[in-house]
There are 2 protein chains.
Amino acid sequence: MIIQIEPQSDVPIYTQLTNQIIEGIARGYMHPGDSLPSVRAFAADLGVNMHTVNKSYHELEKKGIIRIIPKSGAVINSPVEISNNSERLLEEFKPMIAEALVLGLDKEQIQELVTSLIQDIKGKP
Amino acid sequence: MIIQIEPQSDVPIYTQLTNQIIEGIARGYMHPGDSLPSVRAFAADLGVNMHTVNKSYHELEKKGIIRIIPKSGAVINSPVEISNNSERLLEEFKPMIAEALVLGLDKEQIQELVTSLIQDIKGKP
DNA sequence: AAAATTGTTATATTGAAAATAGAACAGAAT
DNA sequence: ATTCTGTTCTATTTTCAATATAACAATTTT
């Protein structure tokens with residue numbers, strides 16, 4: 001799985017990494033039960049610092065997407081063992097929905113946008 | 001319209017302000033053509049610095065939601081005079097959709113989430 | 001059993017961003 | 001004419017992002 005980091009971006013490196021790992025799982029490049037690379041190996045691979053990868057892993061753990069086993073590694077959780085995050089998801093989605101509405105999109109157009117994104121992600125290639 | 005700033009939050013004050021203004025417009029508390037308060041008055045009202053409000057206004061202008069008329073004020077744009085932002089919206093939505101998928105939500109559940117948010121916002125009270 | 005690898009923790013430094021503060025300017029509104 | 005507007009400038013403080021080492025203890029590998 002290919003990760004592309006843009007050091008110049010205004011979005012922090014650890015967030016870029018978090019998002020791309022999530023997208024990689026969503027696309028099926030990685031599966032529940034799989035281990036993520038060690039923070040050191042991954043950092044060396046990406047050319048970033050170990051702590052930057054570590055921060056990303058802990059962000060993923062906070063979201064419930066992986067579990068970090070001390071002195072061992074990071075493992076991708078299966079959806080069934082993830083606690084209910086609908087509350088947090090709602091709060092994360094709200095600003096975007098509001099923005100789309102203000103920009104003039106109606107309900108159907110927003111649903112189309114969501115649908116096309118889901119198909120883009122799930123229709124792997 | 002009531003704005004609530006949480007200084008302790010990890011999301012910057014100017015972003016909190018931007019999001020709440022957007023939500024306020026989406027909810028119909030403010031309308032296209034309306035003027036936003038002056039940066040000074042708003043800042044005094046919120047108990048924050050003038051430049052923080054100014055930064056929020058420029059963020060809103062970048063999104064196309066308001067226009068800033070030099071030496072005059074900030075005015076809410078109508079949707080029709082907003083250029084096409086679908087490209088940026090797609091990029092903003094993607095990480096959230098991917099996260100929702102990884103957390104185990106299927107297409108229908110995500111659509112439901114979006115629908116409930118839209119109804120919450122548009123069904124004013 | 002010994003060596004290597006793991007995540008963790010701690011400290012330190014650098015650079016950028018966030019937020020505040022005060023001041024001054026020129027155009028607009030009253 | 002006075003006030004108010006957004007703009008611009010400089011400056012400071014604080015926080016965050018990122019890097020850099022180093023050391024520790026437990027797990028894995030050899």
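Letters A, B, ... are given to chains in the order of the sequence lines, protein chains preceding strands, and every chain is numbered from 1.
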Problem - Contact check, side chains of B/Lys63 and B/Asn85, non-hydrogen atoms, under 4.5 Å - result: no
Handout entry: Side-chain heavy-atom pair B/Glu92, A/Glu99 within 4.5 angstrom cut-off
Key = yes
Fill in the blank from the handout: Note: for A/Met50 and B/Pro70 on DNA chain D, the residue whose nearest nucleotide lies more 5' is B/Pro70
Practice task
Evaluate the side-chain proximity of A/Leu36 to A/Phe42: yes if any heavy-atom separation is below 4.5 Å, no if none is.
Solution key: no
Practice task
Could you tell me whether the phosphate oxygens of D/dG6, OP1 or OP2, come under 4.0 Å of any side-chain nitrogen or oxygen in B/Asn54?
Solution key: no
Problem - Terminal contacting nucleotides, 5' and 3', DNA chain C versus chain A (heavy atom, 4.0 Å) - result: C/dT6 to C/dA10
Practice task
Taking all heavy atoms of A/Arg67 and all of A/Ile76, pick out the closest pair and write down the distance.
Solution key: NH1-O, 4.1 Å
Handout entry: Side-chain heavy-atom pair B/Ile97, A/Phe93 within 4.5 angstrom cut-off
Key = yes
Exercise for the section: Identify whether A/Leu90 and A/Ile22 are in the same connected component of the hydrophobic contact network (ILVMFWY, side-chain heavy atoms under 4.5 Å). Expected result: yes
Handout entry: Note, B/Leu89 side chain near A/Leu105 side chain (heavy atom, < 4.5 Å)
Key = yes
Fill in the blank from the handout: Under a 4.0 Å heavy-atom cutoff, the residues of residues 36-46 of chain B touching DNA chain D are B/Ser38, B/Val39, B/Arg40
Handout entry: A/Asp106 backbone acceptor or donor facing A/Gln109 side chain under 3.5 Å
Key = yes
Exercise for the section: Starting at atom CD of A/Gln8, determine the distance to atom C1' of D/dA17, rounded to an integer number of angstrom. Expected result: 15 Å
Practice task
Mind calculating the distance between OH (B/Tyr57) and P (D/dT5) to the nearest angstrom?
Solution key: 10 Å
Handout entry: Separation of B/Lys94 NZ from A/Leu113 CG (nearest 0.5 Å)
Key = 12.0 Å
Practice task
Report yes if some heavy atom in the side chain of B/Leu17 is under 4.5 Å from a heavy atom in the side chain of B/Thr52; otherwise report no.
Solution key: no
Completion exercise
Residues in residues 12-20 of chain B with a heavy atom under 4.0 Å of DNA chain C, by number, are B/Pro12, B/Ile13, B/Tyr14
Practice task
Ignoring backbone atoms, establish whether A/Lys55 has a side-chain N or O less than 4.0 Å from OP1 or OP2 of D/dA17.
Solution key: yes
Problem - Spacing of B/Asn49 atom CG relative to D/dT12 atom P, expressed in whole Å - result: 16 Å
Completion exercise
Taken to the nearest whole Å, CD1/A/Ile5 to P/D/dT19 is 10 Å
Problem - Test item: B/Pro37 and B/Asp45 side chains (from C-beta on) under 4.5 Å apart, heavy atoms - result: no
Practice task
Round to a whole Å and report the spacing from NZ of B/Lys71 to C1' of D/dG6.
Solution key: 5 Å
